[in-house]
Each structure stands twice: as C-alpha cells, then as structure tokens.
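Each remark here refers to the structure printed beneath this line.
In what follows, every heavy atom counts, from backbone to side chain, and hydrogens, waters and symmetry copies are set aside. Remember, it's a predicted structure, so these values are computed and weren't measured experimentally.
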Amino acid sequence: AHLAIGIEVRPWRLWVHQPYPYVVKNDIALIGDAAHPMMPHQSQGACMAIEDAAALGILFNKDYFNGDVRESLAVYQQIRLPRATKVQASAAKAAYNINERIGFSSNTSMSNYKVEDEAKKLTIEEMNGYDMYKDIDQAFAERKGRTYTDKYIRGLPFGLKLSNGITVDDNTTLAAP
C-alpha cells in the first residue's frame, strides 16, 4: 500500500567542475558554489562559502581595508583560491575513494588505506588548524614587500603535524591540488 502512494525518486546527476583559474575580476568576486562548485562527498560546500564570507568580512573590516577594493579582492583571491581549490579537488576524489575524505585520510595504518597522492591529500589538521587572519596578514605583507615574521605559512601554524608526514615550518611548500 505504501508503494502505491510513493513517488519515484531520481538522483541528481553530479558534475565535476574543474577549478576556476580566478574568482575575482575587476571589482567583482565570486563566492560559494559560484567560485568553487563542490561535489558533496566532503560536506564542505557550505563551509567554503562561509569561509569566503568571513574572508570578505575581514578584508573589508576597518582594521584591514584601506579603501582599495581591488587590492582587497586580490588578497581574497590569493588566500581563497588555493584553499577552496584543494577542498574542491578532495571532494571530487572522495566520490570514488573514502580514504580521500577529511578525517579518513588520517587512517594511514589501515590495511586498505590508499590515496592518489599522499603529499596532496587534504588533512583534518590543515582544515582545523587554519587561521584566516594569519593567511591574510601574510598576503598583505607579501603584497607590500614586507617580511612576514609570524610563525605561520598560508594560515597554518609552524609545528603543525599533518597526517601526510609534513610538519609545517618556514621551509614548507604546501602542495597544490
């Protein structure tokens, strides 16, 4: 009887989008799915949209904004594009490999553990250890030709141990997705 009153549910098709080369053009910035469409397998689409909004909120705050919209948006792109692109790539990989999921990627001792590229995997440590203010501070320092002296690189604190064997320090180069 219940089947007679039910309706057929058809799944939505999911399309993997390649990362965009930019999210800012002139005085316009994209945020959320418009900037970095996510596959649902990391549950990070809304998280990245919230981070985008937070970045814009910080950049246009009186403590950071000097009146130059284009400079602030250039910093927005500089800090958001690499991070969101890495999450986007990880979400696409997680569709076919559960070990690519944030958190699961730390289970390196499991017998069936395998990821596409250990150096490029997204780790729970880098998701949770990220400090957007420090990332913004570093971006502004670089743009102004100043030495950045805080013990962070791209918002990650020195000493942070990632599950892919990397410990963040001043010699760390974070792998692109």
Side-chain angles (χ1 to χ4, degrees), residues 11-25 28-60 72-108 110 113-140 142 150 152-169 172-177:
W12 290 97
R13 289 185 179 176
L14 300 174
W15 302 98
V16 176
H17 290 266
Q18 294 304 312
Y20 300 140
Y22 59 87
V23 294
V24 170
K25 190 166 187 177
I28 306 295
L30 299 176
I31 65 170
D33 282 350
H36 37 71
M38 297 278 168
M39 295 291 283
H41 304 94
Q42 290 283 27
S43 303
Q44 290 296 305
C47 296
M48 292 296 101
I50 291 167
E51 282 191 10
D52 291 345
L56 290 169
I58 294 167
L59 288 164
F60 288 97
S72 293
L73 292 180
V75 171
Y76 168 78
Q77 178 164 287
Q78 183 179 340
I79 66 161
R80 294 303 301 146
L81 193 58
R83 181 168 168 86
T85 297
K86 187 168 186 179
V87 174
Q88 184 183 20
S90 176
K93 291 176 194 170
Y96 58 84
N97 182 353
I98 196 165
N99 292 310
E100 296 281 2
R101 287 187 60 93
I102 303 166
F104 286 86
S105 64
S106 298
N107 297 334
T108 56
M110 303 271 302
Y113 173 83
K114 183 173 173 112
V115 294
E116 189 175 296
D117 186 337
E118 193 69 28
K120 291 184 178 181
K121 77 176 182 182
L122 182 64
T123 69
I124 192 78
E125 299 87 0
E126 68 188 292
M127 289 303 295
N128 294 342
Y130 178 71
D131 185 323
M132 186 179 294
Y133 283 97
K134 297 296 186 182
D135 201 0
I136 289 171
D137 289 344
Q138 182 179 2
F140 272 120
E142 289 170 354
D150 284 353
Y152 284 79
I153 184 162
R154 300 291 164 236
L156 298 177
F158 286 7
L160 180 67
K161 292 179 182 357
L162 306 179
S163 61
N164 57 10
I166 296 170
T167 299
V168 177
D169 62 21
T172 300
T173 302
L174 299 172

Any chance you could lay out the side-chain contact (heavy atoms from CB on, under 4.5 Å) test for Gln88 and His17, step after step, and finish with the verdict? CA-CA 9 Å; Gln88 184 183 20; His17 290 266; 4.1 Å; yes
If you measure from [atom1] on [X] to [atom2] on [Y], what distance do you get to the nearest 0.5 Å?
X	Y	atom1	atom2	answer
Asp131	Leu160	CG	CG	11.5 Å
Tyr76	Leu81	OH	CG	9.0 Å
Ile79	Arg154	CD1	CZ	10.0 Å
Ile136	Leu59	CD1	CG	4.0 Å
Ile58	Ser72	CD1	OG	11.5 Å
Tyr152	Asp135	OH	CG	11.5 Å

For the pair [X] (side chain) and [Y] (backbone), establish whether a donor and an acceptor sit closer than 3.5 Å, ignoring hydrogens and angles.
X	Y	answer
Gln42	Ile102	yes
Gln44	Val87	no
Ser90	Glu100	yes
Asn97	Lys114	yes
Arg83	Met127	yes
Asn99	Val115	no

Specify the closest pair of heavy atoms between [X] and [Y], including all atoms of both residues, with the distance to one decimal.
X	Y	result
Ala119	Ile166	O-CD1, 4.4 Å
Asp52	Arg80	OD1-NE, 2.6 Å
Ala54	Met132	C-SD, 3.9 Å
Ser163	Thr123	OG-CG2, 3.4 Å
Val16	Ala92	CG1-CB, 4.1 Å
Tyr20	Ala34	CE1-O, 3.2 Å

Would you check, one step at a time, whether the test side-chain contact (heavy atoms from CB on, under 4.5 Å) holds for Met39 with Lys93? CA-CA 9 Å; Met39 295 291 283; Lys93 291 176 194 170; over 6 Å; no
For a salt bridge (charged side-chain N to carboxylate O under 4.0 Å, His left out) check, start with the C-alpha distance between Lys161 and Glu125, then their side-chain angles and the critical distance, and finish with the verdict. CA-CA 7 Å; Lys161 292 179 182 357; Glu125 299 87 0; over 6 Å; no
Can you check whether [X] reaches [Y] side chain to side chain, under 4.5 Å on heavy atoms?
X	Y	answer
Lys121	Thr108	yes
Thr85	His36	no
Leu56	Leu73	yes

Residue Tyr130 excluded, over 12 heavy atoms near OH under 6.0 Å: yes
Could you walk me through whether Tyr96 and Glu116 pass the side chain to side chain donor-acceptor pair (under 3.5 Å) test, one step at a time? CA-CA 11 Å; Tyr96 58 84; Glu116 189 175 296; 3.0 Å; yes
